[in-house]
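In what follows, every chain begins at residue 1, and chains take the letters A, B, ... in the order their sequences are listed. Bear in mind the structure is a predicted one, so any value in this text is a computation, not a measurement.
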Amino acid sequence: MKASPSTIDELLDRAEALAGLTLGELAQSENIRVPNDFKREKGWSGQLLELALGAEAGSKAQQDFANIGVELKTIPIDVNGYPLETTYVCYAHLVDVAGIHWATSSVRNKLNKVLWVPIDGRRDIPPSERTIGTPFLWSLQGQQEAYLRQDWEEIMDMIAMGDIEKVTARYGEYMQLRPKAANGSVLTDAIGKNGQIIQTRPRGFYLRKEFTHKILDDYFS
DNA sequence: GCATGATCATTC
DNA sequence: GAATGATCATGC
């Protein structure tokens with residue numbers, strides 16, 4: 001168990017020291033085993049970085065480094081630095097959404113400050129040989145915030161209107177809503193078409209690759 | 001089931 | 001090939 005970093009600079013120093021290491025090298029220094037693929041341990045990379053940087057483990061809500069207001073996100077990239085996967089943000093509330101506004105939403109809070117850690121995510125390379133890239137701090141603001149706010153409001157409006165079953169992953173230019181659960185049998189409450197409570201699969205907000213690519217491009221170009 | 005960490009794999 | 005919808009591990 002590491003002490004969590006007490007300042008942003010300390011967190012950045014720790015993260016920068018990991019750049020260039022392979023996941024296998026970092027796992028060895030943390031004394032944990034590396035899976036041969038991520039078919040089963042899909043969140044392994046993120047949990048390894050949490051461990052290495054001293055984030056609080058477990059399933060607690062809100063940012064990984066709550067004391068300094070920073071969220072940690074690993075992001076798999078290809079050789080050109082393009083994201084290979086969308087980025088999960090948080091669960092979407094599907095009931096009692098009337099009083100929720102963008103400024104106080106879970107999405108806005110989660111993405112206020114993010115430490116992005118790019119990692120080589122090519123599937124033709126074993127996880128142990130994938131290299132950690134240069135980490136950097138990013139804040140959600142300006143035009144990027146306006147884009148996400150627009151998508152969030154469109155999707156939340158549909159949820160509030162009882163149209164959750166119409167919200168496919170095709171909605172949202174930069175942020176989409178998709179199922180988020182252990183399997184298809186998991187159900188949760190949502191608002192139905194006539195305002196009644198219905199059961200549906202839990203949903204989560206995900207950042208599209210175009211959005212995260214812009215974040216990476218802004219930093220590395 | 002909720003919430004954390006995400007990637008898988010079927011479908012288009 | 002890429003995106004959508006589905007799924008895996010873990011700790012309450």
Next on the checklist: Whether A/E41 and A/R33 form a salt bridge (side-chain N of Lys/Arg under 4.0 Å from carboxylate O of Asp/Glu) is what I want to check.
Outcome noted: yes
Next on the checklist: Any base atoms under 4.0 Å from A/T87, or only sugar-phosphate, or nothing? Heavy atoms, all strands.
Outcome noted: nothing
Checklist entry - Over how many whole Å does the gap from A/E50 atom CD to B/dA3 atom C1' extend? => result 12 Å
Checklist entry - Touch check for A/D37, heavy atoms < 4.0 angstrom, all strands: base, sugar-phosphate only, or nothing? => result nothing
Checklist entry - When you measure from the side chain of A/Y91, which nucleotide among C/dA9, B/dA9, B/dA3 comes out closest? => result B/dA3
Item to check | Atom pair distance, as rounded to whole Å: CD1 in A/I32 and P in C/dA9 | outcome: 16 Å
Checklist entry - Which part of the nucleic acid, if any, lies within reach of A/Q63 when heavy atoms closer than 4.0 Å are counted: base, sugar-phosphate only, or nothing? => result nothing
Item to check | Euclidean distance, atom NZ of residue A/K180 to atom P of B/dA6 [Å, nearest integer] | outcome: 9 Å
Checklist entry - Contact class for A/K209 (heavy atom, under 4.0 Å): base, sugar-phosphate, or nothing? => result sugar-phosphate
Checklist entry - Do the side chain of A/E210 and the main chain of A/R208 share a donor and acceptor less than 3.5 angstrom apart? => result no
Checklist entry - Between A/R40 and C/dA9, does any side-chain N or O lie under 4.0 Å from OP1 or OP2? => result yes
Item to check | d(CG, A/L207; P, B/dA6) in whole Å | outcome: 12 Å
Checklist entry - Are any of A/Y88's side-chain N or O atoms less than 4.0 Å away from OP1 or OP2 of B/dG5? => result no
Checklist entry - Can you find a side chain N or O atom of A/Q176 that sits less than 4.0 Å from OP1 or OP2 on C/dA3? => result no
Item to check | Contact summary for A/L23 and A/L48, nearest pair of heavy atoms | outcome: O-CD2, 3.8 Å
Checklist entry - How do A/E210 and A/A182 order along DNA chain C: which one's closest nucleotide is nearer the 5' end? => result A/E210
Next on the checklist: Heavy atoms from C-beta onward define the side chain here; which of C/dT4, B/dC2, C/dA6 lies closest to that of A/P202?
Outcome noted: B/dC2
Checklist outcome for this item: Distance col, row A/W138:CH2 vs A/Y219:OH, nearest 0.5 angstrom, shows 15.0 Å
Checklist entry - At under 4.0 Å between heavy atoms, what does A/G43 touch on the DNA or RNA strands: base, sugar-phosphate, or nothing? => result base
Checklist entry - Any idea which of C/dA6, C/dT4, C/dA9 is nearest the A/A169 side chain? => result C/dT4
Item to check | Phosphate OP1/OP2 of B/dC2: any A/T188 side-chain N/O under 4.0 Å | outcome: yes
Item to check | base_contact_polar (C/dT7 base, A/K42 side chain, donor-acceptor, <3.5 Å) | outcome: yes
Checklist entry - Of the nucleotides B/dG1, C/dT4, B/dC2, which has the atom closest to the A/V186 side chain? => result B/dG1
Checklist entry - In whole angstrom, what separates A/R122's CZ from B/dT7's P? => result 15 Å
Next on the checklist: Using the side-chain heavy atoms of A/Q47, tell me which of these nucleotides is nearest: C/dT4, B/dA6, C/dA9.
Outcome noted: C/dA9
Checklist entry - Under 4.0 Å: is that the gap between some side-chain N or O of A/R123 and OP1 or OP2 of B/dC8? => result yes
Checklist entry - Hey, does A/E71 reach any base, or is it just sugar-phosphate, or nothing, if we go heavy atoms under 4.0 Å? => result sugar-phosphate
Checklist entry - With a non-hydrogen cut-off below 4.0 angstrom, is A/Y206 in contact with a base, only sugar-phosphate, or nothing? => result base
Checklist entry - Reckon A/L187 touches a base, only the sugar-phosphate, or nothing at all at heavy-atom distances under 4.0 Å? => result sugar-phosphate
Checklist entry - Nearest nucleotide by nearest heavy atom, which residue falls closer to the 5' end of DNA chain C, A/S185 or A/E85? => result A/E85
Checklist entry - Choosing from C/dA6, B/dG5, C/dG5, which nucleotide comes nearest the side chain of A/K110? => result B/dG5
Checklist entry - Just how far, in rounded Å, is C1' of C/dA2 from NE2 of A/H213? => result 16 Å
Checklist outcome for this item: Taken to the nearest whole Å, CZ/A/F205 to C1'/B/dA3 is 15 Å
Item to check | ILVMFWY network linking A/Y147 to A/Y88, side-chain heavy atoms under 4.5 angstrom | outcome: no
Checklist entry - Out of C/dA9, B/dT7, B/dT4, which has the shortest distance to the side chain of A/F38? => result B/dT7
Checklist entry - Does the side chain of A/R130 pick up a donor-acceptor pair with the side chain of A/S45 at under 3.5 Å? => result no
Item to check | Whole-Å distance separating the CG atom of A/N183 from the C1' atom of C/dT10 | outcome: 15 Å
Checklist entry - Which part of the nucleic acid, if any, lies within contact of A/S45, taking any heavy atom under 4.0 Å across all strands shown: a base, the sugar-phosphate backbone alone, or nothing? => result nothing
Checklist entry - Can you check salt bridge (charged side-chain N to carboxylate O under 4.0 Å, His left out) on A/E165 and A/R203, steps first, answer last? => result CA-CA 11 Å; A/E165 298 299 0; A/R203 309 295 210 283; 3.3 Å; yes
Item to check | Position toward the 5' end of DNA chain B (nearest nucleotide), A/R170 or A/T86 | outcome: A/T86
